[in-house]
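Remarks on the structure that follows.
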Protein chains: 2
Amino acid sequence: MSGKTTIYDIAKALNITAATVSRALNNNPKISQSTRKLVLETANKMNYKQNKLALALRSGKSNNVGVIVPRINTNFFASVIRGIEEGLHPEGYQVIICQTHEDENREVENVNTLLNAQVDGIFMSISNLPKEDNHYIERVIQKNIPLIFFDRKKEMKNVSSVTIDDYLASYQTTQHLIEQGCKKIAYFSGDRSLEIYEDRYRGYEKALLDNNIPINPDYIISIKSNVTEGRDAVEKLLALENPPNAIFSTSDFAALGAIQRLKEHGIKIPEDFCVFGFGNEPFTKFMELSISTVDQSPLEMGKMAAQVFLEKINNSDNKKSENKVVLMPKLLIRQSSTRIA
Amino acid sequence: MSGKTTIYDIAKALNITAATVSRALNNNPKISQSTRKLVLETANKMNYKQNKLALALRSGKSNNVGVIVPRINTNFFASVIRGIEEGLHPEGYQVIICQTHEDENREVENVNTLLNAQVDGIFMSISNLPKEDNHYIERVIQKNIPLIFFDRKKEMKNVSSVTIDDYLASYQTTQHLIEQGCKKIAYFSGDRSLEIYEDRYRGYEKALLDNNIPINPDYIISIKSNVTEGRDAVEKLLALENPPNAIFSTSDFAALGAIQRLKEHGIKIPEDFCVFGFGNEPFTKFMELSISTVDQSPLEMGKMAAQVFLEKINNSDNKKSENKVVLMPKLLIRQSSTRIA
DNA sequence: TTGTATGCGTTATCAC
DNA sequence: GTGATAACGCATACAA
């Protein structure tokens with residue numbers, strides 16, 4: 001009783017065959033009520049549990065999906081994963097997580113591992129730069145297993161994606177800052193070889209253009225998403241002959257660093273200087289000076305990604321098609337950018 | 001070439017048998033160098049990838065472990081999971097995540113699901129109250145698959161655990177507050193039917209006792225871990241005839257809510273009132289008034305849990321034994337509780 | 001309605 | 001050193 005009861009054990013106990021047991025367990029119509037009941041009872045008595053591994057091997061369907069993210073312990077990624085899990089749990093899928101640490105070798109390795117594990121789908125937020133070598137991704141598509149990018153996507157045929165409209169978010173944010181009276185808006189950019197950062201940059205650029213504000217290359221600073229880089233960037237900006245009076249940071253952490261450093265310089269926010277972040281990290285709301293930011297609705301993004309996956313799975317003719325879902329960003333205008341009430 | 005190449009395909013291509021291919025692939029000593037090389041080459045050419053599912057079924061080892069947490073998107077749990085993943089990845093294990101949403105039915109369901117998926121180990125942070133019915137946990141132990149509790153554990157035979165010394169953390173924190181001149185220390189408690197919260201309460205109690213400070217039942221408030229509950233609790237405390245002059249909150253979020261509300265009442269922190277949190281949520285450090293808190297080193301906790309699991313797996317004689325690891329908490333004394341420099 | 005036989009992809013145990 | 005065969009646990013096509 002301790003180990004594992006199989007359908008054979010049940011069959012033996014009932015002097016019937018394993019096939020019949022299997023049918024009874026699976027509510028197969030071709031079976032008499034009496035034997036079904038009998039099987040169900042003894043199965044329960046013998047504490048039978050289906051071995052998903054055997055089922056998976058037999059059916060070619062593991063009921064597992066893989067999620068690949070740079071790291072799991074940031075609010076954004078953790079929340080997306082939560083959304084995916086919640087969307088897929090009712091359908092009986094389990095979620096396997098993989099981290100890349102922004103290392104593209106790890107990304108390739110993770111994809112292969114998931115493929116070998118026979119997952120039924122892969123969700124991923126790109127880490128590596130969009131090089132020419134997409135061989136490992138092609139393999140996924142060829143195997144005809146659904147691939148869904150979220151947030152950091154790569155434009156590809158036959159690959160679905162769920163993202164927010166980064167261009168729009170960026171455009172609206174820049175527009176907002178201009179309306180607050182800021183004409184000299186610095187921009188903290190992520191790596192623009194990733195689509196989301198390129199899109200955000202274009203939104204910023206376009207908004208300035210539409211307002212007849214020239215682009216100042218000195219105001220464009222490439223940063224990594226952490227506090228220190230935000231602080232350093234502020235130093236550079238304040239050393240300029242003509243320093244800016246606002247920062248739009250594509251990272252909340254860098255925005256925080258910027259605010260810290262600006263304050264240390266005695267600059268008043270938002271009176272003298274506006275700051276806008278991106279990502280709606282929990283701390284942005286909690287600060288005494290709350291930080292304006294863009295909400296990416298990660299939970300909804302995850303749930304939507306789950307839906308996209310399920311649709312692909314259920315419409316087998318649809319499997320080859322792609323579905324690009326673009327969610328609306330939400331500007332959370334808080335104290336750090338509110339001059340005009 | 002698109003679908004799946006099996007060892008049979010390789011065997012056929014080489015006019016040898018699948019067994020030989022398998023041996024070659026697994027570096028079995030009983031094989032000639034020449035055939036091995038040949039097999040390896042064609043395997044590579046045909047883009048062969050081992051089907052882990054078949055291997056798992058055959059070997060009874062899935063190379064998957066399950067992690068069960070109340071929710072994945074809090075810094076603490078996400079970081080522990082990260083630690084587990086990083087500790088297990090080098091050994092070839094994949095991590096399957098499950099959420100309970102603090103619902104004990106979900107907890108039972110998740111354990112069963114993981115068992116059916118034939119995971120090689122289960123890591124879990126208890127959600128449900130330690131009722132008498134531990135049947136679902138017993139099943140895990142009986143099946144002889146390693147079970148490791150982290151943080152929210154349950155005292156049981158044959159179950160390992162990794163926790164911090166909650167009693168000590170709480171004792172030291174209370175002692176610290178007393179040393180800062182606070183004799184009237186309110187306490188925000190979690191559900192004391194969970195061991196960690198009981199331990200923390202005992203630490204608080206003992207420190208007061210050791211300092212000849214009587215316990216004031218009005219100061220003990222049971223809260224959930226969120227901002228609102230912290231705010232509400234402060235209201236209750238300030239309405240007392242003899243209100244406290246410090247709060248030790250076992251939740252950072254409640255500590256934040258408390259601070260917000262205290263400030264709104266014009267109470268100065270830390271001059272008039274000290275506040276101490278628990279958990280080292282990222283925002284505690286970022287606040288303009290940084291919040292003192294207890295660091296639980298979640299990353300280390302996860303890595304340690306991974307180690308405990310690996311030791312159990314590798315010493316099969318050790319499998320039945322238990323290993324209770326207790327990590328040292330770190331008090332992070334920040335502005336919200338620093339009167340004396 | 002039930003039983004028989006087979007295959008999912010591997011590896012281990014025999015033989016040769 | 002290599003081949004044939006069985007087994008892991010399950011579900012189904014085919015027979016009966």
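To find a chain, count down the sequence lines: A is the first, B the second, and so on, and within it residues start at 1.
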Ignoring backbone atoms, establish whether [X] has a side-chain N or O less than 4.0 Å from OP1 or OP2 of [N].
X: N26(B); N: dT11(C); value: yes
X: S22(B); N: dG9(C); value: no
X: Y48(B); N: dT10(C); value: yes
X: Q118(B); N: dG9(D); value: no
X: S59(A); N: dC8(C); value: no
X: Q50(B); N: dT11(C); value: yes
X: T17(A); N: dT2(C); value: no

Original post:
Donor-acceptor pair under 3.5 Å: do we get one between R23(B)'s side chain and the base of dG3(D)?
Top reply: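 Such a pair is found, so the answer is yes.
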Base, sugar-phosphate or nothing for [X]? Non-hydrogen atoms, less than 4.0 Å.
X: K61(B); answer: nothing
X: L57(A); answer: base
X: T35(A); answer: sugar-phosphate

**OP:** Mark yes when over 12 heavy atoms from residues, nucleotides or ligands other than K37(A) sit less than 6.0 Å from its NZ; otherwise mark no.
**Re:**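 Atom NZ in K37(A) is not packed in, count stays at 12 or less.
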Rounded to the nearest angstrom, tell me the gap between atom [atom1] in [X] and atom [atom2] in [N].
X: K52(A); N: dC10(D); atom1: NZ; atom2: P; value: 11 Å
X: L55(B); N: dC8(C); atom1: CG; atom2: P; value: 17 Å
X: R58(A); N: dA11(D); atom1: CZ; atom2: P; value: 8 Å
X: I7(B); N: dT2(D); atom1: CD1; atom2: P; value: 15 Å
X: K37(A); N: dT1(C); atom1: NZ; atom2: P; value: 17 Å
X: N27(A); N: dT1(C); atom1: CG; atom2: P; value: 14 Å
X: R36(B); N: dT2(D); atom1: CZ; atom2: C1'; value: 14 Å
X: I10(A); N: dG9(D); atom1: CD1; atom2: C1'; value: 12 Å

Original post:
Under the 3.5 angstrom rule, does the side chain of S125(B) hit a backbone N or O of D151(B) as a donor-acceptor pair?
Top reply: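 No, the answer is negative, given that no donor and acceptor are paired below the 3.5 Å cut-off.
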Original post:
Are the charged groups of E41(A) and K45(A) less than 4.0 angstrom apart, N to O?
Top reply: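 A salt bridge is absent here (no side-chain N lies under 4.0 Å from a carboxylate O).
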**OP:** Among the candidates dC10(D), dG3(D), dT11(C), find the nucleotide nearest to the side-chain atoms of T6(A).
**Re:**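 Comparing dC10(D), dG3(D), dT11(C) against the side chain of T6(A), the answer is dC10(D).
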**OP:** Select one nucleotide: of dT5(D), dC10(D), dG9(C), the one nearest the side-chain heavy atoms of A19(B).
**Re:**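 Side chain of A19(B) sits closest to dT5(D).
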**OP:** For the residue pair F150(A) and V69(A), establish whether any side-chain heavy-atom pair is separated by less than 4.5 Å.
**Re:**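 F150(A) reaches V69(A) side chain to side chain.
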Original post:
Is N51(B) close to L55(B) at the side-chain level, that is, under 4.5 Å between some pair of heavy atoms?
Top reply: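 SC-SC contact between L55(B) and N51(B) ruled out.
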Subject >> K30(A) vs L53(A), nearer the 5' end of DNA chain D by closest nucleotide >> reply: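 The answer here is L53(A).
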Subject >> Residue mapping more 5' on DNA chain D - nearest nucleotide basis, A54(B) or A18(A) >> reply: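 Its nearest nucleotide being more 5', the pick is A54(B).
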Original post:
What pair of heavy atoms forms the shortest contact from E322(B) to N158(B), and how long is it?
Top reply: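 Answer, listing the atom of E322(B) first, then N158(B): OE1-N, 2.7 Å.
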